[in-house]
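Structure, as structure tokens:
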Amino acid sequence: SCCNCWTTTTPLDTATTNRCLSSTSPARLAPCVAMEKIKAKIQQLQQEAEDASDRADEAVDRAKEAEARAQDLEQQLEEKDRKITMLEDQLAKEEDRANEIQAKLDETIAELDGLAM
């Protein structure tokens with residue numbers, strides 16, 4: 001058959017392939033050549049599909065990593081918000097305490113002024 005040059009299961013050496021090709025008429029070789037081109041194109045498309053699939057998998061992995069980082073950053077932000085709230089509450093208490101001390105101090109100064117007169 002004209003396609004034996006390509007379809008043999010054992011690889012043919014160049015001389016055997018050339019002999020096979022030269023002994024077959026171009027008209028009989030045309031379908032085989034076309035078939036080989038189709039096979040090559042299919043292999044190329046399969047490889048491109050595999051590559052695209054690999055890139056998609058990598059993109060999914062990167063997206064998952066980014067999501068994990070975003071969640072981590074969100075947790076850190078919430079923690080910092082809690083600390084800020086706690087510090088604001090503490091500051092308000094300290095201001096209240098400072099106002100109480102200032103009031104007592106003013107009272108004491110007024111008493112001392114009263115005694116001095």
Side-chain angles (χ1 to χ4, degrees):
S1 153
C2 71
C3 294
N4 284 346
C5 299
W6 285 279
T7 58
T8 181
T9 54
T10 57
L12 298 173
D13 60 275
T14 306
T16 307
T17 302
N18 288 341
R19 233 185 354 270
C20 177
L21 291 174
S22 64
S23 68
T24 309
S25 72
R28 290 187 65 203
L29 280 177
C32 301
V33 172
M35 183 176 68
E36 279 307 302
K37 287 181 181 177
I38 290 169
K39 283 183 189 176
K41 188 64 176 176
I42 288 171
Q43 283 181 331
Q44 176 193 347
L45 292 173
Q46 285 173 332
Q47 185 60 51
E48 288 174 8
E50 286 176 23
D51 293 347
S53 177
D54 291 346
R55 286 192 303 274
D57 289 345
E58 291 168 8
V60 167
D61 291 345
R62 285 193 305 274
K64 286 179 182 175
E65 290 169 9
E67 184 179 3
R69 281 195 307 272
Q71 287 176 348
D72 186 45
L73 290 171
E74 192 174 343
Q75 275 185 327
Q76 289 177 22
L77 184 60
E78 288 172 5
E79 196 175 304
K80 290 194 185 311
D81 281 347
R82 281 193 298 275
K83 285 182 182 176
I84 288 170
T85 302
M86 184 185 73
L87 289 171
E88 287 172 342
D89 291 347
Q90 194 175 348
L91 180 61
K93 289 177 187 172
E94 293 296 329
E95 286 174 343
D96 290 346
R97 188 162 178 252
N99 288 337
E100 287 173 17
I101 292 171
Q102 185 63 50
K104 285 182 185 176
L105 186 58
D106 290 346
E107 202 176 295
T108 303
I109 291 172
E111 287 175 15
L112 288 174
D113 282 349
L115 291 175
M117 291 183 180

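Any value given below was found using the heavy atoms of this structure, including those in side chains, with hydrogens, waters and symmetry copies removed.
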I109: hydrophobic cluster co-members (side-chain, 4.5 Å):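 Its cluster partners, ordered by chain and number, are L105.
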If hydrophobic residues (ILVMFWY) are linked whenever their side-chain heavy atoms come closer than 4.5 Å, directly or via other members, who joins M86 in its cluster?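 Direct or chained contacts put M86 with none.
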Residues 87-98, side-chain donor-acceptor partners within the protein, below 3.5 Å, at least two apart:
none

Separation of L77 CG from I84 CD1 (nearest 0.5 Å):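 The CD1 atom of I84 sits 8.0 Å away from the CG atom of L77.
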By side-chain hydrogen bond (donor to acceptor under 3.5 Å, both in side chains) - contacts of D113 (at least two apart):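 By the side-chain hydrogen bond (donor to acceptor under 3.5 Å, both in side chains) rule, D113 matches no residue at all.
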Partner set under side-chain hydrogen bond (donor to acceptor under 3.5 Å, both in side chains) for E79, not counting sequence neighbours: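 For E79 there are no side-chain hydrogen bond (donor to acceptor under 3.5 Å, both in side chains) partners, ignoring immediate neighbours.
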N/O donor to acceptor pairs below 3.5 angstrom from side-chain atoms of residues 47-70, sequence neighbours left out:
unit_1: Q47; atom_1: NE2; unit_2: D51; atom_2: OD1; d: 2.9
unit_1: E48; atom_1: OE2; unit_2: Q44; atom_2: NE2; d: 2.8

